[in-house]
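Here's the structure, in structure tokens; my notes come after.
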Amino acid sequence: KLGYALSNAVGKLLGRPLADERAIKEFIRDIQRALLQADVKVEQVLEVSKRIEKRAFSEKLPPGFSRREHLIKIAYEELTQLMGKKSYRLRIKPNKTNVIMLVGIQGSGKTTSAAKLARYFQKKGYKVGLVCADTYRLGAYEQLLQLGKQIGVNVYGDPSAKDPVDLALKGIEKFRKEGYDVVIVDTAGRHKDEESLMREMKELASKIKPDEVILVIDATIGQQAEKQAKAFHESTPIGSIFVTKLDGSAKGGGALSAAAATGAPISFIGVGEKVDDIEEFDPPSFIGRLMG
Amino acid sequence: KTLSEESLDEILWDFKLALVSADVALPVAEELAEKIKETLVGKKIGILENPRKLVLDVLRNTLLKILNPPSKVDIFEMLEKNRKMGKPTVMLFVGFNGTGKTTTIAKLANLLKKHGYSVVLAAADTFRAGSIEQLEKLAKRVGVRVIKHQYGADPAAVAYDAVMHAKAKGIDAVLIDTAGRVQTDKNLMDEMKKIARVVEPDLTIFVGDALAGNDAFEQAQKFHEAVGIDCSILTKVDADVKGGSSISIVHVTGKPIIFIGTGTSLDDLKEFDPEWFVNNILS
Ligand SMILES: Nc1nc2c(ncn2[C@@H]2O[C@H](COP(=O)(O)OP(=O)(O)OP(=O)(O)O)[C@@H](O)[C@H]2O)c(=O)[nH]1
Ligand SMILES: Nc1nc2c(ncn2[C@@H]2O[C@H](COP(=O)(O)OP(=O)(O)OP(=O)(O)O)[C@@H](O)[C@H]2O)c(=O)[nH]1
Ligand SMILES: [Mg+2]
Ligand SMILES: [Mg+2]
């Protein structure tokens, strides 16, 4: 289950007569290439490769380990470190209406992911409601409404509303009165340089007091991921990250860098356009794919 | 002194990292580095000349050359020519999920209308929730008509319908919206090929997200292989991007970027400026 590129790099290394300094350096270069191509932040790639190199040259071979196994062990350990926390599972608190707020850059997959999360919790037996608090995008309410209909989840929205805070509060209150367990709030796309939108997001979070803020990140995002995620985190502390579109060819290294930068764990991944195309985040398979 | 392979390798490694940091796809950055190395290795330079500055100059020129490919696309020239021949200019918009195709179509329709051209839109994304309503609402804002069927309809049929409508009514431009798709999905790529086969667009326009990293290269390559991209539009350039994906996209398609998206409003469509992008990438 270790990625193709990583095992390829190790295989190349051991194909040499000597696992000498030059061979190890080439091994490190191969790992760097794989991580860069996976969109991991350049600085992080250099950091990780420095650590692998240091350990490769300074650590004694553990008993029973071949040079090959030791190198794989080091690389795998350092890459897992990049991952941060292990499996994070979103906890739904009992006897209250849990509010989950989705935020992220335009087109990252928030609305689709909102529906996926609604279905995920619905399958677990929770009473779930969706709130469309995106007052900017034309057709946003219709999109969420149609998705909600597909899975039999009620959607609250008001296309004529101009104030997302007031709208969200109304929607949450309505679902709270009816004893809903989970309310998922979809918000408008925004990026860090849209100051008024970032302020609005901050205000929205402070008013609706979500139990979890999820940052939705597109797996195709490149080197800007970390900077964007940090800005979001400064405005609204991010509880976890939902990485979308991993069914494509992108490896999601940007999302990984974002997770490392914010300290937020990855909770879910999106693996397709359908409402069922959601998976709980599993670090080993993510690394495998990253290095593949 | 002469530029040794070793000193070049070191300089080029740094530049490669800089290019990747600017979101130029790794294979493209590596290819550029190789070409520059071939050009400069063994070259004699002045004692006081700074090799790093020399490489930077060569790199700058190489990037500018990439962003100004020999094949040019002038939408207005095309519209004029087709108008004189009494036929509509058919533009097919394709791309990965969420890159901004639908919004970009509305922006371009707005621009064409401002320049006195009549436009009709085709709601050929018959899959995604709310796609038809989104296009209709945008069209209403611009003041253009939408040809649509129902969700689940054959996208090629909707597109064909729109082209026939344009021909019958003497409309200058048909802008066809299609569903976002992953280039690794054979069925979706086949569906796109069918739409292109049926309507034979004058322009097949790839819409790419400026925030994308290495996948911009993958997307552009696969979409180009599938339907032949005539030009691209790069969106979300307002999101503090370095813009390296422009290099990847133009390099792999050999076709120009004709516009950039600079926001979510209808007038957030600007001309592509290669100089700005190269300066940004190398900043
Ligand atoms: N292939 C694939 N497509 C996805 C995934 N998640 C979302 N999408 C698609 O990505 C596109 C954008 O999704 P949306 O849910 O509209 O994105 P958004 O973040 O709500 O967009 P804005 O509200 O405009 O910011 C749509 O075409 C979705 O179907 C995924 O996991 N895989
Ligand atoms: N900031 C910014 N946002 C943009 C730009 N272009 C599009 N968007 C936003 O990106 C999001 C997605 O735009 P869409 O037009 O729905 O994208 P799409 O490619 O049609 O999406 P799918 O059909 O689902 O694949 C929307 O929120 C748009 O407003 C741009 O240039 N800048
Ligand atoms: Mg949305
Ligand atoms: Mg669309």
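Naming convention: chains lettered A, B, ... in sequence-line order (proteins, then strands); numbering from 1 in each chain. In what follows, every heavy atom counts, from backbone to side chain, and hydrogens, waters and symmetry copies are set aside.
Heavy atoms from other residues, nucleotides or ligands lying under 6.0 Å from CD of E10(B) number 12 at most. Within 6.0 Å of the NZ atom in K148(B), the count of heavy atoms belonging to other residues, nucleotides or ligands does not exceed 12.
For the set R29(A), Q150(A), E43(A), the entry with the most heavy-atom pairs within less than 4.5 Å of chain B is R29(A). Heavy-atom pairs under 4.5 Å with chain A peak, among G98(B), G244(B), A216(B), A29(B), at G98(B). Chosen from L138(A), T111(A), I105(A), the residue pairing most often with chain B at heavy-atom distances under 4.5 Å is L138(A). Taking T102(B), L17(B), N214(B) one by one and counting their heavy-atom pairs under 4.5 Å with chain A, the maximum is reached by N214(B). Between chain B and the options K41(A), Q228(A), R33(A), Q32(A), the largest number of non-hydrogen pairs under 4.5 Å is found for R33(A). No other option in E30(B), Q183(B), Q219(B) has as many heavy-atom pairs under 4.5 Å with chain A as E30(B). Annotation: maximal heavy-atom pairing with chain B below 4.5 Å, among T112(A), D39(A), V42(A), L147(A), occurs at D39(A). Contact count against chain B (heavy-atom pairs under 4.5 Å) is highest for H191(A) among H191(A), Q106(A), Q224(A), E142(A).
Of the two parts of S245(B), neither the backbone nor the side chain holds a non-hydrogen atom closer than 4.5 Å to a non-hydrogen atom of chain A. Only the side chain of K192(A) comes within contact range of chain B, with at least one heavy atom under 4.5 Å from a heavy atom of that chain. Heavy atoms closer than 4.5 Å to chain A are found nowhere in D185(B), neither backbone nor side chain. At a 4.5 Å heavy-atom cutoff, the contact between D218(A) and chain B is made by side-chain atoms alone. When heavy atoms are compared at a cutoff of 4.5 Å, L144(A) does not approach chain B at all.
Salt bridge present: R52(B) and D14(B) bring a charged side-chain N and a carboxylate O closer than 4.0 Å. A salt bridge does not link K242(B) with D23(B): none of the charged nitrogens is closer than 4.0 Å to a carboxylate oxygen. Ion pairing between a basic and an acidic side chain is recognised when a charged N comes within 4.0 Å of a carboxylate O; K194(B) and D190(B) show no such pairing.
Between the S248(B) side chain and the V24(B) main chain, no donor and acceptor come within less than 3.5 Å of each other. Of the possible donor and acceptor atoms, one in the side chain of T235(B) sits under 3.5 Å from a partner among the backbone N and O of T99(B). Under the 3.5 Å distance criterion, the side-chain polar atoms of D134(A) are matched with a main-chain donor or acceptor of R137(A). One N or O on the side chain of Q223(A) and one on the backbone of V40(A) form a donor-acceptor pair closer than 3.5 Å.
If you take CD1 on I233(B) and CD1 on I105(B), they are separated by 9.0 Å, rounding to the nearest 0.5 Å.
Close approach to chain A, defined as a heavy atom under 4.5 Å from one of its heavy atoms, is seen in F127(B), R128(B), A129(B), G130(B), E133(B), Q134(B), K137(B), L138(B) of residues 126-139 of chain B, taken by number.
In this structure, F223(B) has its ring center at least 6.0 angstrom away from the ring center of F96(B). Annotation: F272(B) is in aromatic contact with F277(B) [ring centroid separation under 6.0 Å].
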